[in-house]
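Single-structure report; data block below.
Note that the structure is a prediction, hence the values are computed from the model and not measured. Starting from 1, each residue takes its place in the sequence as its number.
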Amino acid sequence: MSRKVVRASKFRHVFGQGVKADQCYDDIRISQMTWDSNFCSVNPKFVAMIVDASGGGAFLVLPLNKTGRIDMSQPTVCGHTGPVLDIEFCPHNDNIIASGSEDCSVMIWEIPEGGLVTPLNDPVVKLEGHSKRVGILSWHPTAHNVLMSAGCDNVVILWNVACGEAMVRIDSVHPDLIYSACWNRDGSQILTSCKDKTIRVLDPRKGTVIAEKEKTHEGSRPVKALFVSDGKILSTGFSRMSERQVALWDPKSFGEPLTLQELDTSSGVLLPFFDPDTGIVYLCGKGDSSIRYFEVTDEAPYVHYLSMYSSKESQKGMGYMPKRGLEVNKCEIARFYKLHERKCEPIVMTVPRKSDLFQDDLYPDTNGPEPSVEANEWFEGKEGQPILISLKDGFATTTKSKEFKVHKSLLKTTSAATGHQHDNTGEVHALQKEVKTLKETVEELTKRVSELESKN
């Protein structure tokens, strides 16, 4: 009789835990739209959630520390004329967020420091080029101001956001609805999954197919795919018998999957999230009440089941915090923002360690917020590797002056290129500050005059 040897892994005991009730975001009417996107985006400053809105589309952006019950009168971002389907924060600027909608447009918004105090109606840039609703957005990981959008018109567009132009239009590759579209780690390739049951690796600038695999999953339900370590591809989908599956592929030899595992018979689409630093992939099913996590390695069976976080309530969407927003002194390796029907609950994934010193093996250098190449250089053919940062002393957000400069130049080029009216938000804030200072000075002088008069 052979003894079963347990595979050694430092992530074998990772456990998930929901935060206390007072650290959740309560009384939020999460969107009822039946669309398989995350409905939530998060960064070290803000959490954004798509909400129900009458007469158009809206999403809520809250500072991370604004927990508890959210007032009904909380201002939203409400410039779309149709329901919002996807939102994503820019990885290089925590105050910039993109939104795609049923009104066929993509809008770029600038969230003021400290969050919204009035409803935001006017985007910094409006990107128009899709003929049907836009359901997928993804920022380029290393190039500044490059955004990918995919619509129900089966078209993928790459935008130079700084000048509001569609630079690449991939419209002849996908014969049917696009289910997912994402970048690899340095943004040199795009991966898409389509209703024709094919996943394709594309050259983003040429719009040509580098590799493709038909019938990755036999079922007719949506397939999601993303790049994992060493250029491999992880896909989630359904079998012919409607069982949920997870598979790993090597695009160099797309013939057979490296592994294909059947999970269960639930009907919710599995949203995959991959952490390149730890090699862990998290699968969050829409409508499920659990998060499964697996470790992706080089040894068979390649995708190793670790554990599962379970709760009572089902999830309508999920946000995933970038590594630089985690609490490293608590050995937190991932944080999810789970959307319930009426609230958003952060879920913390932790590796149990006795020491509260910095754990080098859990936190290798990770992607920082600095872009390594500008949009126009990238479209001309220059590649950019991610600029890595150490999390040893925690991560401090980028300086205000830098962000302000980026915004100003972004606004300037946008108004020049698109002929839209110049957005004077920055100037208005500055003038409001000056008026406030002048008012205080006048009050002080009036006080002194009245004091002198009373003495005389």
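- Salt bridge status for Arg200 with Asp196: present, with a side-chain N to carboxylate O gap under 4.0 Å.
- Here the CD1 atom belonging to Ile108 is positioned 7.5 Å from the OG atom belonging to Ser99, to the nearest 0.5 angstrom.
- In this structure, Cys344 and Lys338 have side chains that are not in contact, with every pair of non-hydrogen atoms separated by 4.5 Å or more.
- Taking the side chain as every heavy atom from C-beta outward, Thr259 and Pro257 never approach each other to under 4.5 Å.
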N/O donor-acceptor pairs under 3.5 Å from side chains in residues 132-139, not counting sequence neighbours:
residue	atom	partner	partner atom	Å
Arg133	NH1	Glu102	OE2	2.9
Ser138	OG	Trp183	NE1	3.4
Trp139	NE1	Glu88	O	3.0

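- In this structure the side chain of Met148 reaches within 4.5 angstrom of the side chain of Val156, judged on heavy atoms.
- Contacts classified as salt bridge (charged side-chain N to carboxylate O under 4.0 Å, His left out) and involving residues 224-243 (residues at least two apart or in different chains) are given here: Glu218-Arg240.
- Within the cation-pi definition used here (under 6.0 Å to the ring centroid, within 45° of the axis), Lys286 qualifies as a partner of Phe39.
- We find that Arg205 and Glu383 are joined by a salt bridge, their nearest charged nitrogen and carboxylate oxygen being less than 4.0 Å apart.
- Side-chain contact between Gln315 and Asp288: present, with at least one pair of heavy atoms (C-beta onward) separated by less than 4.5 Å.
- Under the 30°/60° scheme for interplanar angles, the aromatic rings of Phe336 and Tyr282 are found to stand perpendicular.
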Q: Take Ile30 and Asp52, measure what side chain to side chain contact (heavy atoms under 4.5 Å, CB included) needs, and give me the verdict at the end.
A: CA-CA 6 Å; Ile30 301 299; Asp52 257 347; over 6 Å; no
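- Using cut-offs of 30° and 60° on the angle between ring planes, the pair Tyr25 and Tyr337 is tilted.
- Residues satisfying the side-chain hydrogen bond (donor to acceptor under 3.5 Å, both in side chains) test with Ser188, not counting sequence neighbours, are Asn184, Asp186.
- Salt bridge Lys195/Asp36: absent, no basic N to carboxylate O contact under 4.0 Å.
- Ionic pairing of Glu128 and Lys126 is present here: one or more N-O contacts between side-chain nitrogen and carboxylate oxygen are shorter than 4.0 angstrom.
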